[in-house]
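Below is one structure, written out as structure tokens; the observations come after it.
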Amino acid sequence: MNKSSFGSHFTVTTWGESHGKALGAVIDGCPAGLSLSEEDIQKFLDRRKPGQSRYTTARKEGDLVEILSGVFEGKTTGTPISLMVRNTDQRSRDYGNIAYSYRPGHADYTFDAKYGFRDYRGGGRSSGRETIGRVASGAVASKLLASLGISFCTYTKSIGPVSIENFSPEEINNNAFYMPDADAAAKAGTYLEKCMKNLDSAGGVIECRITGVPAGLGNPVFEKLDAMLSQAVMSIGAVKAVEIGDGIQVAHMNGSEDNDGFTIKDNMINKTSNHAGGIMGGISDGSEIILRSYIKPTPSISQPQQTVTSQGRQISLEIHGRHDPVIVPRAVVVVESMCALAITDALFANMTSRLDKIQKFYSK
């Protein structure tokens with residue numbers, strides 16, 4: 001399948017299907033000398049693996065990563081890094097009734113229209129399990145960025161009608177929804193119980209805050225940093241919209257409200273506000289980058305839904321099997337990983353933007 005790669009300088013190619021033997025990724029462009037272990041990557045994969053609460057699929061996968069190449073004696077070698085996670089709890093029989101019918105909200109029909117053939121077991125490459133390769137690669141990118149002082153804070157901003165009202169970073173990992181607000185998390189649980197009782201699902205919003213990104217990343221025309229981040233995050237199957245900074249609210253603001261002023265603080269240029277979300281003119285401005293992604297409700301629900309078969313027969317379809325009533329909590333680390341990949345790629349591209357930077361590097 002074409003277009004399974006992301007990035008021009010730090011390039012990631014994901015591979016594998018939901019019910020195949022394994023999934024993984026190959027990273028090309030990671031510099032030599034980065035300390036890297038399977039434990040570093042496992043921490044990220046554990047944030048997205050199934051079976052962690054009653055609000056995720058009951059599929060029991062350890063999602064244990066294996067580093068197959070590119071690391072020697074705990075350090076990256078500068079050669080391609082190959083990562084693999086084996087599937088251990090496939091139940092393909094759950095998908096027998098959709099072999100010749102198209103599930104509403106899924107990629108079944110469009111995949112068939114494009115290729116004339118599809119792996120119907122859990123959606124194949126269109127499954128949420130494809131994100132394993134993204135998260136494993138994002139863990140490597142995040143560790144590289146952390147060594148440069150760039151960090152991420154990613155969390156659930158809302159689930160269905162329930163939005164956070166307080167922000168306590170230490171609370172993010174204390175609840176099943178990765179919400180920085182304990183009260184909102186409790187309300188989200190109550191809301192999801194109702195959804196599950198009604199054989200329904202919910203969507204939500206994930207916010208990613210990136211600090212430490214230097215000014216100057218991105219390009220002024222086609223490869224704007226916000227465009228690169230949006231492309232990265234929109235490539236996640238469940239994401240239907242992305243906002244940077246004030247996002248769609250700018251359509252309701254005046255220039256006097258939306259413009260970020262500049263000031264000098266500690267002999268450095270700083271902004272007086274951050275309505276732009278850390279990116280102006282497609283280029284990072286040195287302030288915190290703020291991105292929000294909008295996640296659709298899980299399309300696999302047990303309510304009867306109208307659809308058709310590949311032979312054109314109209315039917316009522318009930319989807320059975322093990323599915324998340326909400327994708328949002330497990331997608332938090334996926335959004336973070338794709339942002340890390342985009343920032344890393346932009347950072348590497350920026351290294352050749354000025355001659356004085358190159359001269360400074362080679363004069364060492």
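Not measured: the values here are computed from a predicted model.
- Judged purely by distance below 3.5 Å, without hydrogens or angles, the side chains of T309 and S101 never pair a donor atom with an acceptor atom.
- In this structure, a donor-acceptor pair under 3.5 Å is absent between the side chains of D324 and T298.
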- request: Please assess E17 against K21 for the test salt bridge (charged side-chain N to carboxylate O under 4.0 Å, His left out), listing each intermediate value before the final yes or no.
  value: CA-CA 8 Å; E17 294 82 36; K21 291 184 177 180; over 6 Å; no

task: Tell me, with the steps shown, if R48 and D63 meet salt bridge (charged side-chain N to carboxylate O under 4.0 Å, His left out).
output: CA-CA 9 Å; R48 74 150 301 282; D63 285 354; 3.1 Å; yes

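- Under 3.5 Å, the side chains of S35 and K75 contain a donor-acceptor pair of N or O atoms.
- Residues S127 and H19 have side chains that never bring a donor and an acceptor to within less than 3.5 angstrom of each other.
- Applying the 6.0 Å contact sphere to CD of Q311 captures more than 12 heavy atoms from other residues, nucleotides or ligands.
- Donor-acceptor pairing under 3.5 Å is recorded for the side chains of R125 and T14.
- One hydrophobic cluster holds both I27 and V71 under the rule that ILVMFWY side chains link at heavy-atom gaps under 4.5 Å.
- Looking only at atom types and distance, the side chain of E171 has a donor-acceptor partner in the side chain of N175 under 3.5 Å away.
- Applying the 6.0 Å contact sphere to CG of L148 captures more than 12 heavy atoms from other residues, nucleotides or ligands.
- Summarising the geometry of T154 relative to I172, their closest heavy-atom pair is O-CG2, 4.1 Å, with the distance given to 0.1 Å.
- Taking 4.5 Å as the limit, every side-chain heavy atom of K43 sits out of range of all side-chain heavy atoms of L45.
- Note: Y155 and F177 fail the aromatic proximity criterion, with ring centroids not under 6.0 Å apart.
- No more than 12 heavy atoms of other residues, nucleotides or ligands lie within 6.0 Å of CD in E165, so this atom counts as exposed by the packing criterion.
- More than 12 heavy-atom neighbours from other residues, nucleotides or ligands sit within 6.0 angstrom of NZ on K271.
- Judged purely by distance below 3.5 Å, without hydrogens or angles, the side chains of R47 and N173 never pair a donor atom with an acceptor atom.
- Within a 6.0 Å sphere centred on CD of E38, other residues, nucleotides and ligands contribute more than 12 heavy atoms.
- Between the side chains of N254 and S256, not a single donor N or O lies within less than 3.5 Å of an accepting N or O.
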